[in-house]
There are 2 protein chains.
Amino acid sequence: MVGSYLERAGYVAPLVHTGPDAIDTAHAVQPDVIVLDLGLPGLDGVEVCRRLRTFTDCYILMLTARAEEVDTIVGLSVGADDYLTKPFRPRELVARVQTLLRRPRDQAPSIAQPRTFGSLTVDAVGRRVTLAGQPVGLTRTEFDILALLTASPAVAFARRRIIDEVWDPAWVGDEHVVDVHIAHLRNKLADDPAEPRYIDTVRGVGYRMVTS
Amino acid sequence: MVGSYLERAGYVAPLVHTGPDAIDTAHAVQPDVIVLDLGLPGLDGVEVCRRLRTFTDCYILMLTARAEEVDTIVGLSVGADDYLTKPFRPRELVARVQTLLRRPRDQAPSIAQPRTFGSLTVDAVGRRVTLAGQPVGLTRTEFDILALLTASPAVAFARRRIIDEVWDPAWVGDEHVVDVHIAHLRNKLADDPAEPRYIDTVRGVGYRMVTS
DNA sequence: CTGAACCCTGAAGAAACGATCAAGAAGCCG
DNA sequence: CGGCTTCTTGATCGTTTCTTCAGGGTTCAG
């Protein structure tokens with residue numbers, strides 16, 4: 001469906017159905033735009049995107065399932081230029097592609113690099129955290145909070161903001177859940193709240209990464 | 001809602017509510033991104049977009065009602081760079097804006113920068129204050145007052161105004177609480193009320209940043 | 001010059017806040 | 001369906017922060 005609409009709009013649109021094929025084909029044809037379905041079998045779509053970004057700076061338009069909004073945010077941070085949530089209308093897709101092609105090109109695509117804070121390393125794409133080289137086992141929520149904080153280390157995040165981004169804006173409940181997860185995080189990172197090396201408490205507001 | 005989310009994300013986001021206002025404001029502030037609601041009264045949103053394009057090449061993100069797919073196509077053809085259909089989640093909007101701003105631009109994006117007054121630096125997003133490079137530990141209220149004053153250094157803020165903005169318009173109590181917090185602030189900033197370098201007393205009114 | 005209004009500041013009680021723990025609920029995996 | 005992990009709630013405790021109050025200084029108008 002995607003391919004036929006793009007071709008009817010005048011584009012040459014080779015189709016592949018697996019992640020490895022996508023990477024091979026991208027190498028071979030050097031496309032201007034890649035429409036990437038996150039539901040691709042054989043390899044995680046985000047991972048495909050990251051790999052594509054290692055050798056091409058062409059536009060990447062992601063297709064995601066409506067349910068996973070988090071994916072879209074990750075997608076954009078991983079180097080995608082735009083995304084569409086399913087179900088979408090074919091004309092929308094075509095319009096997006098056209099818009100992308102009207103744009104000037106980015107010379108330096110931003111690949112989500114692992115971020116380091118002292119001996120702490122946060123790999124947002126691989127969802128891995130290491131402390132002094134040792135892997136740290138974090139739960140999903142703990143990781144997401146840490147990923148959010150480390151993504152913008154200069155920003156003081158309000159509890160509500162953390163909830164909006166990590167949970168869902170529609171979430172209802174006590175904002176201080178965040179505190180508990182932060183406590184667990186600090187515990188696992190051997191971080192003393194009174195003398196924090198990683199996570200700062202911003203009293204009356206929320207939390208922020210320590211930037212010395 | 002749109003404005004508050006963008007501001008929380010660190011952007012300066014003036015709000016206007018009619019098409020003519022949008023055009024005037026765009027002329028005045030030369031924005032990096034315009035978020036344009038197609039449902040704007042007073043002028044057809046598409047027409048507003050067309051007129052904006054006559055004098056600016058900033059990014060335009062359109063907000064449209066889900067029902068009108070045609071609008072989105074027209075919108076893109078008329079010069080919008082992206083669009084979102086309502087209802088959308090605030091995070092989506094912020095992510096889209098951020099993606100737009102990651103694109104190569106002629107000028108640097110105007111993300112809220114730390115403000116400096118002599119050797120005083122106020123970082124509103126990170127909620128950090130430094131004096132001659134040294135971090136200053138402010139309480140929430142102290143910081144909020146300073147952030148308010150520095151946001152509009154030319155404005156003399158009445159005590160009541162400060163309370164409305166920093167506390168809550170519903171707050172009841174003695175307006176002169178502000179004085180106490182100002183005193184603490186001045187103390188921490190080594191600011192002498194008789195010879196203020198940062199915070200001026202406006203007798204009978206309130207306080208204002210020193211503008212030398 | 002003088003009184004009244006206004007402002008500054010220190011101190012102390014009151015309120016708010018954050019860290020932590022434990023227990024129950026919910027979710028996930030086999 | 002269990003067993004296990006993870007999440008959420010609620011309560012407690014120590015600490016920080018806010019507010020009030022009062023005394024004393026400063027400014028301004030008459």
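Letters A, B, ... are given to chains in the order of the sequence lines, protein chains preceding strands, and every chain is numbered from 1.
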Legend entry - Which nucleotide in dT8(D), dT15(D), dC7(D) has an atom nearest any side-chain atom of Arg203(A): dT15(D)
Inset, instruction - Could you check which of dC8(C), dT19(D), dC17(C) has an atom nearest any side-chain atom of Arg140(B)? - result: dC17(C)
Legend entry - Phosphate OP1/OP2 of dT16(D) contacted by Thr139(B) side-chain N/O (<4.0 Å): no
Legend entry - Glu175(B) CD to dT19(D) C1', straight-line distance once rounded to whole Å: 14 Å
Inset, instruction - Assign Phe143(B) to base, sugar-phosphate, or nothing according to its heavy-atom contacts below 4.0 angstrom with the strands shown. - result: nothing
Legend entry - Separation of Tyr207(A) OH from Asp179(A) CG (nearest 0.5 Å): 3.5 Å
Legend entry - Between P of dG18(C) and CD1 of Ile162(A), the distance in whole Å: 11 Å
Legend entry - Rounded distance in Å - NE2 (His181(B)) to P (dA16(C)): 13 Å
Legend entry - Side chain to side chain, Val97(B) and Tyr59(B), heavy atoms closer than 4.5 Å: no
Legend entry - Under-4.0 Å salt bridge between Arg127(B) and Asp144(B): yes
Legend entry - Value in whole Å for how far the P atom of dA19(C) lies from CG of Asp179(A): 6 Å
Inset, instruction - Would you mind telling me which of dA19(C), dG10(D), dT16(D) lies closest to the side-chain atoms of Val180(A)? - result: dG10(D)
Inset, instruction - Using atom NE2 of His176(A) as one end and atom P of dC21(C) as the other, report the distance to the nearest whole Å. - result: 18 Å
Legend entry - Separation of Asn187(A) CG from His181(A) NE2 (nearest 0.5 Å): 14.0 Å
Legend entry - Residue met sooner reading DNA chain C from 5', once Arg159(B) and His184(B) are mapped to nucleotides: Arg159(B)
Legend entry - side-chain hydrogen bond (donor to acceptor under 3.5 Å, both in side chains) partner of Arg186(B), the single match among Asp191(B), Thr201(B), Asp192(B): Thr201(B)
Inset, instruction - Can you figure out which of dG18(C), dC7(D), dC8(C) approaches the side chain of Thr201(A) most closely? - result: dG18(C)
Inset, instruction - Rounded off to whole Å, could you give me the CG-to-P distance for the Asp174(A) and dT12(D) pair? - result: 15 Å
Legend entry - Residue Trp171(A), side-chain heavy atoms: nucleotide from dC7(C), dT20(D), dT9(D) that is nearest: dT9(D)
Legend entry - Whole-Å gap separating P (dC18(D)) and CD (Glu142(B)): 6 Å
Legend entry - Any Trp167(A) side-chain nitrogen or oxygen under 4.0 Å from OP1 or OP2 of dT8(D): yes
Inset, instruction - Rounded off to whole Å, could you give me the CG-to-P distance for the Asn187(B) and dC18(D) pair? - result: 14 Å
Inset, instruction - Would you indicate, yes or no, if dC17(C) has its OP1 or OP2 atom less than 4.0 angstrom from a side-chain nitrogen or oxygen of Tyr207(A)? - result: no
